[in-house]
Amino acid sequence: MSDIAPIRFRSATEETPLARWALIGIAFAGLAVLVFAPLIAVFAEALVQGAWAAVKSLGNRDALSAIKLTLIITAIAVPLNAAFGIAAAWFITKFDFRGKAFLITLIDLPFSVSPVVAGLCIVLMFGSNSLLGGWLVAQGYHIVFALPGIVLATMFVTFPFVARELIPVMIEQGRAEEEAALTLGASGWRTFWTVTIPNIRWALLYGVLLCNARAMGEFGAVAVVSGKIRGQTATMPITIEMLYNEYLSVAAFSMAAVLALLALVTLLLKTLLEIRHADQLSAQRRH
Amino acid sequence: MGRPLIHRSPMPGLGLSMGVTLTMLSLVVLLPIGALLWKGASFGLCNIWDTVNRERVWAALFLSFRLSFFAALFNLVFGVMLAWVLVRYRFPGRRILDAAVDLPFALPTAVAGIALTALYAPNGVFGSLAKELGWKIAYSQWGIFIALVFVGLPFVTRTVQPVIEEIEREVEEASATLGATRLYTLRRVILPMLAPAAMTGFALSLARAVGEYGSVIFIAGNIPLVTEIAPLLIVIQLEEFNYDAAASIGIAMLLISFALLLVINLIQVWSRRRIGYV
């Protein structure tokens, strides 16, 4: 901006400069205390005994197994939820049926259920003293206090993420392009891969990004179903809790720092998507 | 007038997409919630009431709801202001500020919990300052309030931001030409336009805070009747393998969530009727 004019009149739709800078100041101060300070605290506490102590605390067997478990859970839960999101968005935006609004409400349901209640639901359904769970345990399948339960709990809390990003974008894009491809003789799958996917890929990536961040960091729901067995069902957030409660502060904050770094990468990618592919994200994400 | 259940469409993939959607929705979400309700039904309404109707449970539910309300209220005011600053003003660091708003969504709750505790504990950076003033933040209700403000921070800003972007400058100009001061325009023209979105954000933030667990338990101190939140009570019952009691409190919380969800939907219906957008 090369503004040469020395005198500038305030437009009638602007606040006074004083009010403007006061508001900007409050915004910075508020976010500094509420958001930046906790973020800095994570790294400061992790590095309190130096970088070497922090790195070393991540190298032991339990820490590595927690990291591995979290990666496995995410690798199962996120693709499944992405597949669900695509299917649900296709069903909702390409067809007209009764009860559509109700279906969307049901898909959004996990966002308004407490993660602890979500975990409780899964314990009650698959726990060894429930009807289904008892039968499964008799067959030798353990769901609760084992990997499948943690995956289910993670899927529950991250269920709406991808569908929510895709539905508004696909409504905006309409059906005309797919209809054209079909008229020209393309098969259903070909239309999907060559017309729909290129149109929704950035929104899909955006949803997967959010889903992934939440899946790796989920605590409440997983805490209820995991049983917190060290080296077996303790995910990274669960390990943070255990270490913290044992007053192993550096180890707890080092693992927290790994997750915080991941959160920062997520925010960076998300911002990049918002800047570079705004036109292909849902209207809410353009700013 | 028999509207068909599903309109005929040349689009392929109806069976597959409907099948995947409904199967996964049932398996992951609906059946587990059904299991909770089933557990409640077999335990009996009277027994549920007896379980919930105890001082400790009421205290926890009331605490969760009250502090969530205050936290959402704080986020309502700060969030609308933040959205205004981010959309209307251009200043260095705006992008970073805008990205930072989403940090509470991206940062795992357990990480936020221990970080806030480190800051606000009596030997922490903010905690020691507050201690000088005789103010105890961590391990008191203030600590819970701060954790709930943190987790609910993005909701109002993110719902209000797109609405501010949509506002036509002409409306503000009209108001100014008619002699309104800037403050009057903001109060009587802008705020009413933002109200529905802000209320939606408020309700979302409230719903999130009521169910929040991870970021709160570290900073709360978890003293029964004083700083014990409702989700923690469920965890405690589960650790004692008291599934009936856990289910009862779970159902109570589910009802609160559904009520909030209903309120959110009503706000959206109302605002759509009134101004035509959410």
Side-chain angles (χ1 to χ4, degrees), chain A residues 12-13 15 20 23-24 27 30-31 34-35 37-39 41-42 45 84 87-88 90-91 94-98 106-107 109-110 112-117 120-125 152 155-156 159 178 182 188 213 217 219-220 224 237 240-241 244 252 256 259-260 263 266-267 271 283-284 287, chain B residues 5-7 9-14 17-18 20-21 24-25 28-29 31-33 35-36 39 78 81-82 85 89 91 97 99-100 102-103 106-112 114-116 118-119 150 153 161-162 169 172-173 176 182 207 211 213-214 231 234-235 238 246-247 250 253-254 257 261:
Chain A
T13 60
E15 287 79 47
R20 217 171 338 145
L23 286 176
I24 292 173
L31 285 182
L34 286 169
V35 175
L39 191 63
V42 172
E45 294 281 336
F84 165 79
W90 183 273
F91 179 48
K94 303 297 178 199
F95 300 101
D96 295 306
F97 53 89
R98 265 192 279 174
L106 286 182
I107 291 173
L109 202 58
S112 38
V113 174
S114 166
V116 170
V117 174
L120 170 70
C121 288
I122 284 160
V123 169
L124 291 177
M125 182 160 169
L152 269 174
M155 283 180 70
F156 186 110
F159 205 60
E178 278 88 358
L182 291 167
F219 179 70
V224 170
I240 292 173
E241 187 205 15
Y244 187 84
L259 286 175
T266 304
L267 286 186
T271 309
Q284 264 203 326
H287 47 259
Chain B
L5 194 61
I6 298 177
H7 283 270
S9 160
M11 280 286 165
L14 172 64
S17 64
M18 184 169 74
V20 170
T21 305
M24 284 186 71
L25 182 65
V28 177
V29 178
L31 284 176
I33 290 179
L36 172 64
K39 184 79 184 171
F78 185 65
M81 197 210 80
L82 196 58
V85 168
Y89 304 156
F91 52 93
L97 220 53
D102 275 332
L103 189 79
L107 197 70
T109 53
V111 176
I114 62 170
L116 290 171
L119 281 176
F150 179 83
L153 188 70
Q161 246 174 332
R169 290 277 178 150
E172 293 164 59
E173 281 162 12
R182 187 64 189 150
Y213 175 71
I234 296 179
V235 174
L238 276 175
M253 289 198 58
L254 205 60
S257 309
L261 201 64

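We name chains A, B, ... by the order of the sequence lines, and we start the count at 1 in each one.
Here A:L120 is the residue among A:V123, A:L106, A:L120 with the most heavy-atom pairs under 4.5 Å with chain B. Among B:I114, B:L31, B:L119, the residue making the largest number of heavy-atom pairs under 4.5 Å with chain A is B:I114. Of the listed residues (A:G217, A:A252, A:G188, A:P237), the greatest number of heavy-atom pairs within a distance under 4.5 Å of chain B belongs to A:G217. Put simply, of B:M11, B:E173, B:R169, the one with the most heavy-atom pairs under 4.5 Å next to chain A is B:M11. Heavy-atom pairs under 4.5 Å with chain A peak, among B:L25, B:V85, B:L82, at B:L25. When each of B:L254, B:I234, B:V29 is scored by its heavy-atom pairs under 4.5 Å with chain A, the top score falls to B:V29. Top candidate by heavy-atom pairs under 4.5 Å with chain A, chosen from B:S17, B:G211, B:A115, is B:S17. Taking chain B as the reference chain and counting heavy-atom pairs below 4.5 Å, the highest number among A:D96, A:I122, A:V117 is found for A:D96. Per-residue counts of heavy-atom pairs under 4.5 Å with chain B were compared for A:I240, A:V113, A:T271, A:L259; the largest is that of A:L259. Among the candidates B:I6, B:V28, B:V20, the residue making the largest number of heavy-atom pairs closer than 4.5 Å to chain A is B:V28.
Atom CE in A:M125 sits 14.0 Å away from atom NZ in B:K39 (nearest 0.5 Å). Distance check: B:L116 CG to A:L34 CG gives 8.5 Å after rounding to the nearest 0.5 Å. To the nearest 0.5 Å, atom OG1 of residue A:T266 and atom CG of residue B:D102 are 10.5 Å apart. To the nearest 0.5 angstrom, A:I107 atom CD1 is 6.5 Å from B:T21 atom OG1. Here the straight-line distance linking atom CD1 of B:I33 with atom CG of A:L109 works out to 4.5 Å at 0.5 Å rounding. Going from atom CG of A:L31 over to atom CG of B:L97 covers 5.0 Å, rounded to the nearest 0.5 Å.
Contacts of A:E15 with chain B are made by both backbone and side-chain atoms, with heavy-atom separations under 4.5 Å. For A:F95, the part sitting under 4.5 Å from any heavy atom of chain B is the side chain, from C-beta outward, and nothing else. Heavy atoms of B:R182 lying under 4.5 Å from chain A belong exclusively to its side chain. Contacts between B:L153 and chain A at a heavy-atom distance below 4.5 Å involve the side chain alone, from C-beta outward. Both the backbone and the side chain of B:M24 come within less than 4.5 Å of a heavy atom in chain A. Both the backbone and the side chain of B:M18 come within contact range of chain A, each with at least one heavy atom under 4.5 Å from a heavy atom of that chain. For chain B, the nearby parts of A:L23 are the backbone and the side chain; heavy atoms of each come within less than 4.5 Å. Interface residue A:L182: only side-chain heavy atoms are found under 4.5 Å from chain B. Heavy atoms of B:T109 lying under 4.5 Å from chain A belong to its backbone as well as its side chain. For B:A246, the parts lying near chain A are the backbone and the side chain together; criterion is any non-hydrogen pair under 4.5 Å. When heavy atoms are compared at a cutoff of 4.5 Å, B:L261 approaches chain A solely by way of its side chain, counted from C-beta outward.
When the ring pair (Phe, Tyr, Trp, His ring centres under 6.0 Å) test is applied to A:F156, no partner is found at least two apart in sequence or on another chain.
Scanning both residues, A:E45 and B:A118, for their nearest heavy atoms gives OE2-CB, 3.9 Å. Scanning all heavy atoms of the two residues, the minimum distance from B:F150 to A:P38 falls at CE1-CG, 4.4 Å. In this structure, B:P32 and A:C121 approach most closely via the heavy-atom pair O-CB, 3.3 Å.
Using a 4.5 Å heavy-atom cutoff, the side chains of B:V111 and A:F219 are not in contact. A 4.5 Å side-chain heavy-atom check between A:R20 and B:F91 finds every atom pair outside the cut-off.
At least one donor-acceptor pair closer than 3.5 Å links the side chain of B:S257 to the backbone N or O of A:S112.
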Could you check A:V224 against B:V235 for side-chain contact (heavy atoms from CB on, under 4.5 Å), going step by step and ending with a plain yes or no? CA-CA 7 Å; A:V224 170; B:V235 174; 4.1 Å; yes

